[in-house]
Structures are given as structure tokens and as C-alpha cells.
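One structure is given here, and the rest of the page talks about it.
Note that the numbering runs from 1 along the sequence shown for the chain. Since the model is a prediction, treat every value here as computed from it, not as a measurement.
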Amino acid sequence: MTPEQIRDRLADNLALVQQRIADAALRSGRKADDVLLVAVTKYVGLEIIEPLIDAGASVLGESRPQQFWPKAEALADSPIHWHMIGQLQRNKIRRTLPLVELVHSAESLRLVEAIDRIAGELSLRTPILLEVNISGNEAKHGFSPADLEGNLTDFEAFPNVEIRGLMCMAGLGTDADGARGDFAALRELRDRLRGNCPPGVSLDELSMGMSGDYEAAIEEGATIVRVGSALYEGISR
């Protein structure tokens, strides 16, 4: 494809995803602006990311720090915001935190503690989401619902992180309809936890839903969706 064809296809794909987000938000009694689209760029290079930004994508999500760092450096002057949506190993925290506005994948108390410590050393207050293994699948990372229920006060010990909500991934092998149950379960967990939030913890955000199921996620209450492959349909990568 020529650069012009890539640009036009990206613009069309982005517009379609945005329309579907708006339609799903309307079905859930909300507005399009109530749902943040994170454009997942982990499988594409700058030749795709730059025209995607030109088309209007302003929040980008990466899951592999070593691939993320050079992209962030190359696009340092672009009007974009980065989210870390994948597993963040403790030895990658220090270089990653100054580059991102939200970490979606705080999957354990030990990781939250490390993020808090390093954020303090860097004079940062880092927004994070607590990743929940809502499906109970052993292959998934994250807190179990039982880990969080009754234990939110554990997070009072971390003054350098700002807990903004919860994140989940649907169970392996589920379609949009099957994923809906996981999304509903995360929303219900959030609703139960909300009444017991200590200082520094707010659970306004629900990050759930990807290319195959983001509309179902929105209908079940997602405030953030992470969409990758739907943005790149028809583009050779």
C-alpha cells in the first residue's frame, strides 16, 4: 500500500471504531466522550503510528517496554498520551514511569509497592489501575476479587500512586457474548468496592474490552477500551 492509502485506511478504520464506541455508549445510557479509546500500537511501527496520530488518535497503548521506549522517544514532540497496558516487570519501571500517564496493569501488591517506591524516587505521582483476574483463569495475571474485597486499605501505604480504577481481560477463548459476563463481573466488583475506598483510591475507571469485544465492554460499563487490530484492518503489516 502507498503511504496515502495507509493514511486513508487508518482514518476510515478510526472513524468506524469511534462510531461504534459512540453507538455502544448510547446503548448504555452514556455519551461517546464517557469512553476513552486507547489505540494499541504494540504490533506496528512509526510508519503506521504517525498517520494514525494524524487521523486523530491521541492516546496510545503499549505492552512491551523495550519496544515502547524507542517509540516514545521518536514521538516525543507529538501531541499524544501513552498508557502502559501490558505486564510491567519491576526492572522496567524506572524508565517507563516518566513516559506514561496511566499504568493499566498493576497486577499485584508487590508491583504496586515497587511502582510507589520508584515514583517517589522520581518525584512522581503515578496513576494506576489494579488488574483483576476476573475470569479466574490460571494463565491470567492480576488480583483475585477476594484479594481486593475487604483489603483496599492496604493501598493507603502507597502515597506515590493514584489508584483510579480496575482493569481486566476477558477469559481465554471467549467471544464478545462470553466476555460480557467477565465485564459485568468487574463492574459489579467495582460497585461493591466503591463504598470502602480509602484516601488515594478512586474506582471511577474500568479498562476492559479489546478489538473483538469492546462494544460489549462499553455496554457493561467500560470507561476505557483498548483497541488494536480493528484499527489496522486492511493494512499489510
Side-chain angles (χ1 to χ4, degrees), residues 21 24-25 28-40 58-63 81-88 93 96-97 100-109 111-116 119 124-135 140-170 179-210 213-227:
I21 288 172
S28 67
R30 294 182 292 157
K31 305 184 297 294
D33 289 346
D34 294 332
V35 182
L36 177 68
L37 169 63
V38 177
V40 179
S58 60
V59 182
L60 308 184
E62 282 283 334
S63 61
H81 311 278
W82 289 103
H83 288 196
M84 175 53 58
I85 63 172
Q87 188 176 16
L88 181 58
I93 293 173
T96 300
L97 290 192
V100 299
E101 294 195 4
L102 182 64
V103 176
H104 289 229
S105 49
E107 64 184 27
S108 67
L109 202 60
L111 179 59
V112 174
E113 181 179 25
I115 293 172
D116 176 76
L124 297 173
R125 183 169 168 81
T126 299
I128 66 172
L129 304 178
L130 302 178
E131 182 174 357
V132 181
N133 183 358
I134 200 68
S135 68
K140 298 285 187 182
H141 299 282
F143 294 91
S144 72
D147 289 333
L148 299 181
E149 293 193 89
N151 296 310
L152 280 182
T153 54
D154 292 345
F155 297 99
E156 288 184 284
F158 306 123
N160 304 305
V161 298
E162 179 182 338
I163 298 172
R164 292 190 177 176
L166 307 177
M167 175 271 227
C168 81
M169 299 179 66
R180 186 181 296 274
D182 289 335
F183 301 147
L186 190 72
R187 169 175 45 79
E188 291 163 2
L189 173 65
R190 187 276 306 273
D191 292 346
R192 292 196 301 273
L193 295 174
R194 253 183 168 170
N196 298 303
C197 288
V201 177
S202 68
L203 299 179
D204 294 333
E205 304 293 352
L206 289 178
S207 172
M208 53 189 193
M210 299 187 292
D213 52 29
Y214 66 92
E215 291 165 284
I218 293 168
E219 291 168 2
E220 294 300 334
T223 64
I224 304 172
V225 292
R226 312 175 303 270
V227 179

Subject >> Ionic contact status for D204 with R194, cut-off 4.0 Å >> reply: yes
Original post:
Which atoms form the tightest heavy-atom contact between G209 and A217, and what is the distance?
Top reply: CA-CB, 3.6 Å
Original post:
Are E220 and R180 within salt-bridge range, i.e. N to O under 4.0 Å?
Top reply: yes
Subject >> Full working for side chain to side chain contact (heavy atoms under 4.5 Å, CB included) between T223 and L36 >> reply: CA-CA 6 Å; T223 64; L36 177 68; over 6 Å; no
Original post:
Atom CG in N160, atom OG1 in T126: separation rounded to 0.5 Å?
Top reply: 8.0 Å
Subject >> Residues forming a salt bridge (charged side-chain N to carboxylate O under 4.0 Å, His left out) with R30, sequence neighbours excluded >> reply: none
Original post:
Can you tell me how far the CG atom of D116 sits from the CZ atom of R125, to the nearest 0.5 Å?
Top reply: 9.0 Å
**OP:** Could you tell me which residues satisfy side chain to side chain contact (heavy atoms under 4.5 Å, CB included) with D147, sequence neighbours excluded, listed by chain and number?
**Re:** F143, S144
Subject >> Test item: F155 and L148 side chains (from C-beta on) under 4.5 Å apart, heavy atoms >> reply: yes
Subject >> Option among H104, E62, E101 that satisfies the side-chain hydrogen bond (donor to acceptor under 3.5 Å, both in side chains) test with H83 >> reply: H104
Subject >> E215 CD to I21 CD1 distance, which is reported to the nearest 0.5 Å >> reply: 8.5 Å
Subject >> Interatomic distance, L97 atom CG to I115 atom CD1 [nearest 0.5 angstrom] >> reply: 6.5 Å
**OP:** Rounded to the nearest 0.5 Å, what's the gap from CG on L129 to CD1 on I85? Could you check?
**Re:** 11.5 Å
Subject >> Smallest separation among heavy atoms of F183 and A216, with atom names >> reply: CD1-C, 4.1 Å
Subject >> Check: L193 main-chain N/O paired with N196 side-chain donor or acceptor under 3.5 Å >> reply: no
Subject >> Between E131 and S105: side-chain donor-acceptor atoms closer than 3.5 Å >> reply: no
**OP:** Give a yes or no answer on whether the side chain of D213 reaches the backbone of M210 with a donor-acceptor pair at less than 3.5 Å.
**Re:** yes
Original post:
Can you tell me if R190 uses its side chain to pair, donor with acceptor, with the backbone of L203 under 3.5 Å?
Top reply: yes
Subject >> A114 to I93 - nearest heavy-atom pair and separation >> reply: CB-CD1, 3.7 Å
Original post:
What's the shortest heavy-atom distance between M169 and I134, and which atoms?
Top reply: O-CG2, 4.4 Å
Subject >> M208 versus G221, closest heavy-atom pair with distance >> reply: CE-C, 3.9 Å
Subject >> Smallest separation among heavy atoms of A146 and N151, with atom names >> reply: O-ND2, 3.6 Å
Original post:
Excluding sequence neighbours, so at least two apart, what forms side chain to side chain contact (heavy atoms under 4.5 Å, CB included) with P198?
Top reply: L152, E156, V201
**OP:** Carefully, step by step, assess L102 and I224 under the rule side chain to side chain contact (heavy atoms under 4.5 Å, CB included).
**Re:** CA-CA 11 Å; L102 182 64; I224 304 172; 4.0 Å; yes
**OP:** Kindly compute the distance separating OG (S58) from NE2 (H81), expressed to the nearest 0.5 Å.
**Re:** 5.5 Å
Original post:
Would you call L189 and E149 a side-chain contact if the rule is heavy atoms closer than 4.5 Å?
Top reply: yes
